[in-house]
Structures are given as structure tokens and as C-alpha cells.
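All figures in this text were calculated on a predicted structure; none of them were measured in a lab. All values below were derived from every heavy atom in this structure, side-chain atoms included, with hydrogens, water molecules and symmetry-related copies excluded.
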Amino acid sequence: MNLLFSYCYYISLIFVIVLTGISFYKVNECFVDIKENIVFRLIAFTGLSFIVTIVIFVNDIVNVVYALIGYIGVMIICYEGSTIKKISVVMVLYPMVVSINLLGNNYDSILSRALSYKTYIIIWYFALALLWFGIYKVIKDKISYAKQYINDKTWILIDIICITPLISIVSTTIFTGFDEAYKAYLIALVCIISNVGIIFLIQYIIEGVKVRLDNQNYKLQYDYYKSLEEKQFETRKIYHDMNNHLQIIGSYIDNNDIEKAKLYFESLVEKSISYGNKVFCKNSIINAVLNNKYDLIVQNEIDCNINIAIDEKITIDDMDLCSIFANTLDNAIEASLRIKEVSQRKIIVKGRVDKGYFSYSVINNKVGDILTHKGTIVSTKEDRKYHGFGLQNIKDIVNKYRGVFDISYTGTEFSIVVIIKVK
């Protein structure tokens with residue numbers, strides 16, 4: 001009977017530990033993407049299951065320090081993204097792990113005294129699994145955008161906020177004696193509250209970034225439709241004056257001045273066509289960007305060849321597509337305007353979705369040298385502090401989709417290539 005009870009106990013213990021590990025694994029995945037290799041996934045799940053269920057007592061330096069080192073190691077080895085981002089996840093979540101486990105392993109509590117040790121352990125780990133699953137359900141829909149919209153500089157600022165609760169709970173746990181355990185429990189409660197607040201702060205930052213990007217997107221669409229309205233108005237004016245135009249052409253013909261009639265007719269046709277918006281592809285957001293930038297290209301007498309074959313909807317976010325096309329074309333136009341010889345201004349734009357991949361390239365002529373700093377291309381504008389983020393934005397977007405971003409250049413030509421796998 002005792003053997004059966006022990007067997008059931010260990011099966012139950014493994015089950016609730018696995019549940020807790022799954023919940024904590026999912027919470028971490030809200031912040032950073034795990035590497036696709038199954039080996040890394042197994043290592044991450046095993047390591048995180050151990051970390052989230054580790055027994056923490058006051059005056060416990062071994063478990064607290066080893067779990068912290070192990071957590072950092074798991075994040076760096078098994079997850080995608082920059083080191084700063086991966087360390088930041090530890091800074092946000094580890095104080096909560098230590099605080100919750102410190103409180104849960106308080107065997108002087110009323111509940112622990114009322115139950116047997118083994119029963120209390122099973123109930124505690126089950127409650128722990130529910131707690132982390134609840135945290136996952138609350139944050140999953142918003143914190144996942146942290147992968148897209150929070151850059152390393154913002155993560156560093158978040159880390160500065162997180163450093164106080166991390167140091168507080170780790171130092172308190174290590175240096176507090178058993179006779180003053182209540183102090184550690186109080187600090188643990190404060191750390192849980194503060195880091196939950198930090199998670200909501202991250203959500204607030206994400207919302208702010210999304211609003212800014214949405215406004216940029218809406219501004220682009222507004223400019224596009226405003227341009228469309230202006231062109232339609234001009235077209236209506238042309239139609240309204242059509243009788244006058246036809247009368248002038250008729251008078252040239254009556255006077256046998258065929259050459260003038262022909263020239264007048266050609267200028268009329270050219271003017272009418274120029275006021276129509278072009279359809280570069282089926283995707284409305286890309287078409288809006290291209291029309292907006294194409295007007296600048298034409299105004300500045302830049303020879304441009306655009307070949308885009310992209311359907312209405314692909315799995316790349318519209319704001320990301322907008323950013324990729326707008327930034328690359330802005331850079332190409334700026335480079336072209338530095339070329340004094342108008343005949344040498346040239347931009348080639350190609351994009352398509354084929355065999356599950358989105359591929360896009362922009363090639364433009366240029367003059368002058370490319371400025372770099374620590375391997376990164378920097379703006380040539382005088383106020384560099386406020387410029388030069390376009391290429392980095394594109395790189396961040398491509399990294400988010402685990403794509404390929406390549407820049408190459410010669411003395412007279414600059415090229416950008418983007419390849420992203422799409423569903």
C-alpha cells in the first residue's frame with residue numbers, strides 16, 4: 001500500500017512539474033522566439049521546468065545563484081534575438097520566480113501545517129502551474145508584440161527598472177536568517193507586485209509604439225488617397241475642358257496645320273495619363289507606398305523600373321511591409337538626388353512572392369562613399385543623430401521574420417535585398 005502511494009505521489013509530482021514547466025515555457029515564448037531545433041526546445045523546456053519549480057528558502061545562496069545562472073544560460077543558448085533582449089527576459093521574470101517560490105516553500109504557513117508534506121507539495125506545484133498559466137493567458141496577446149516593437153535601447157531602460165527588485169530579492173533571500181524570514185516574505189510580495197507592474201509597463205510601451213506605427217501607416221494611406229483625389233479632380237477638369245481642346249484640334253485641322261494638331265493631341269494625352277494612379281501590384285498597402293514614392297521619383301526626373309508581383313494579402317504585417325518599401329525607396333531617392341547628372345539617376349525595384357518566399361530588391365545609382373561606423377552604415381546628413389535609422393528598422397523587421405537582409409555596394413551602385421519566408 002505504501003509502495004502504491006509513493007508511486008502515485010511521484011507520478012502526480014512529475015505531472016504537476018511538467019504542467020508548471022509548460023506554463024513558464026509559454027510565458028518566456030511571449031517575450032522571445034525559441035530556436036526551431038528540437039534539441040534547443042527540449043533543453044529550454046527541461047531547464048525552465050527546473051528553474052520555475054526550484055525550492056527556495058531564506059539563507060539559500062546555492063539554489064538562488066545556480067538557478068539565475070542556469071536561466072541566463074538557457075536564454076542565451078536556446079532563444080533567438082539579441083543578448084540584451086534575452087537577458088531582459090531574465091530581469092523581468094526571475095525576481096517573480098524567486099519571490100513566488102520563496103513564499104510557496106514557507107512550511108510554517110497555516111496550510112502547510114494542516115496538510116502532510118507530500119500533499120502540500122502536490123497542491124503547491126499545481127497552484128504554481130495555474131499561476132504561471134494565468135500569467136501567460138493575461139499577457140500572451142500583448143507581450144508577444146515585444147518581439148517586434150521593443151528595441152534593445154528600450155530593453156536596457158526596462159532593465160534599469162528591473163535591477164532593483166532583482167538585487168532586492170536575491171540579496172534578501174541569501175542574507176536573511178530563518179529567524180527573520182518574515183522580512184524576506186515581505187520583500188518577495190513587493191517584488192511580485194513591482195514586476196507585474198513592469199510587465200504592464202511593457203504592454204504600455206508596446207501600445208505606444210503600435211499607435212505611432214499605425215499613425216504612420218494611416219498618414220501614408222491618407223497621403224495616397226489625397227493624391228488620388230487631387231488627380232481625379234484634375235482629370236475631371238480635363239474632361240470639362242475637353243470640348244475646348246477638341247475645338248482647338250479641329251481648328252488646326254481646318255487650317256491644314258496637321259503638325260500642330262498632332263503635337264497638341266499628344267500633350268493632351270500625356271497630361272491625361274499622368275493624372276491616373278498606377279497599379280503596381282494587387283497589394284493595396286504596397287501600391288499606396290509605391291504611388292506615393294513614384295510621384296517623387298517622377299518629379300525629380302529619376303529613371304525608375306518597378307516590377308512587383310505580390311498578392312493582396314501575405315503573412316507579413318502591413319506596417320512591416322510599409323516600412324520595408326518606404327525606407328528603401330526613401331534611401332534610393334535620397335541617393336539619386338545627390339547625383340547632379342540627371343541622366344545618371346536610376347532606381348530598379350523588384351518584388352515578388354514565389355514558392356513560399358517574399359523577395360524584394362532595390363538597386364540605385366549613387367555618388368560618393370558609403371559612411372560606416374563599427375560595421376553599420378550611417379547617414380550622410382549633417383544631423384546624423386536624428387537620421388540613419390531606416391536601414392536598422394528594415395534589419396529589425398527582417399530579423400523578426402528570421403529572413404535574409406543583404407546590403408552590397410560599389411563605387412556607383414547600391415543594392416538592398418530582402419528575403420522572408422511566408423506562409
message: So, taking the atom named SG in C78 and the one named CD1 in I43, what distance separates them when rounded to the nearest 0.5 Å?
response: 5.0 Å
- prompt: Is the backbone N or O of G21 less than 3.5 Å from a side-chain atom of K26, with the two atoms forming a donor-acceptor pair by type?
  reply: no
query: Quick one: are I397 and F405 in side-chain contact, heavy atoms under 4.5 Å?
result: no
message: Does F126, at its CZ atom, have more than 12 non-hydrogen atoms belonging to other residues, nucleotides or ligands within less than 6.0 Å?
response: no
statement: Smallest heavy-atom separation, D152 atom then I84 atom, equals O-CG2, 3.9 Å
query: What about the rings of Y79 and F31, do their centers lie closer together than 6.0 Å?
result: no
task: Report yes if some heavy atom in the side chain of V190 is under 4.5 Å from a heavy atom in the side chain of I169; otherwise report no.
output: no
task: Grab the two heavy atoms, one from S194 and one from P165, that are nearest each other, plus how far apart they are.
output: OG-CB, 3.7 Å
message: I'd like to know if the side chain of D60 and the backbone of I56 have a donor-acceptor N/O pair within less than 3.5 Å.
response: no
field: Side chain to side chain, K183 and V58, heavy atoms closer than 4.5 Å
entry: no
message: Just so I know, are the side chains of M96 and W132 near enough to count as touching, which here means a heavy-atom distance under 4.5 Å?
response: yes
task: Decide yes or no on salt bridge (charged side-chain N to carboxylate O under 4.0 Å, His left out) for E36 and R402, but give the supporting numbers first.
output: CA-CA 11 Å; E36 293 185 356; R402 302 177 187 176; 2.8 Å; yes
query: Does some side-chain heavy atom of V422 sit less than 4.5 Å from a side-chain heavy atom of V353?
result: yes
- prompt: In terms of ring plane angle, is the pair F24 and Y71 parallel, tilted or perpendicular, where the classes change at 30° and 60°?
  reply: tilted
- request: Spell out, as yes or no, whether a donor-acceptor pair under 3.5 Å connects the side chain of N283 to the backbone of I310.
  value: no
message: Walk me through whether I347 and D303 qualify under side chain to side chain contact (heavy atoms under 4.5 Å, CB included).
response: CA-CA 6 Å; I347 299 174; D303 179 20; over 6 Å; no
query: Taking atom OH of Y401 as the centre, does the number of heavy atoms from other residues, nucleotides or ligands within less than 6.0 Å exceed 12?
result: yes
- prompt: Taking the six-membered ring for Trp, are Y409 and F414 parallel (under 30°), tilted (30 to 60°) or perpendicular (over 60°)?
  reply: parallel
message: Quick check: do T172 and I174 have side-chain heavy atoms less than 4.5 Å from each other?
response: no
query: Step by step, would you call I187 with T173 a side chain to side chain contact (heavy atoms under 4.5 Å, CB included)?
result: CA-CA 9 Å; I187 296 295; T173 303; over 6 Å; no
- prompt: Can you tell me if N195 uses its side chain to pair, donor with acceptor, with the backbone of C162 under 3.5 Å?
  reply: no
message: I'd like to know if the side chain of N300 and the backbone of I302 have a donor-acceptor N/O pair within less than 3.5 Å.
response: no
query: Would N59 and F175 count as a side chain to side chain contact (heavy atoms under 4.5 Å, CB included) if you check the C-alpha gap in whole Å, the side-chain angles of each, and the deciding distance to 0.1 Å?
result: CA-CA 5 Å; N59 203 19; F175 297 112; over 6 Å; no
- prompt: Okay, side chain of T20, backbone of V16: is any donor-acceptor separation there less than 3.5 Å?
  reply: yes
query: Do the side chains of F45 and V18 get nearer than 4.5 Å, heavy atoms only?
result: yes
query: Does K366 use its side chain to pair, donor to acceptor, with the backbone of R338 at less than 3.5 Å?
result: no
query: Got a donor-acceptor contact below 3.5 angstrom from the S171 side chain to the S168 backbone?
result: yes
From CD1 (I416) to CG (N327), nearest 0.5 Å: 9.0 Å
query: Roughly how far, to the nearest 0.5 Å, is CD1 of I297 from CG of L290?
result: 8.0 Å
- prompt: Between atom CD1 of I121 and atom OH of Y125, what is the distance when rounded to the nearest 0.5 Å?
  reply: 5.5 Å
- prompt: If you look at every heavy atom in I192 and S99, which pair is closest and at what distance?
  reply: CG1-CB, 3.5 Å
message: Which residue is it: V27, I22, N28, V97? I am looking for the one with a side chain to side chain contact (heavy atoms under 4.5 Å, CB included) to L48.
response: N28
field: Backbone N/O of I54 and side chain of N101: donor-acceptor pair under 3.5 Å
entry: yes
query: Rounded to the nearest 0.5 Å, what separation is found between the CE atom of M91 and the CD1 atom of I87?
result: 8.5 Å
field: Side-chain donor or acceptor of K293 paired with backbone N/O of L329 under 3.5 Å
entry: no
- prompt: I363 and S415: which non-hydrogen atoms are nearest, and at how many Å?
  reply: CG1-OG, 3.8 Å
- prompt: Quick one: does L157's side chain get under 4.5 Å of K153's, heavy atoms only?
  reply: no
task: First locate atom CG of N291, then atom CG of L296, and finally report the distance between them rounded to the nearest 0.5 Å.
output: 11.5 Å
field: Non-hydrogen atoms of N287 and C281 that approach each other most closely
entry: OD1-N, 3.3 Å
- prompt: After noting the C-alpha distance and the side-chain angles of T315 and I420, does the key distance pass the side chain to side chain contact (heavy atoms under 4.5 Å, CB included) rule?
  reply: CA-CA 10 Å; T315 53; I420 296 174; over 6 Å; no
- prompt: Tell me the side-chain hydrogen bond (donor to acceptor under 3.5 Å, both in side chains) pairs involving residues 344-365, sequence neighbours left out?
  reply: T328-Y360
task: For F133, look at atom CZ and say whether over 12 heavy atoms of other residues, nucleotides or ligands are found less than 6.0 Å away.
output: no
message: A quick test of your reading: do over 12 heavy atoms of other residues, nucleotides or ligands sit less than 6.0 Å from CG of L337?
response: yes
- request: Would you name the heavy atoms of K140 and C30 that are closest together and state the gap between them?
  value: CA-SG, 3.6 Å
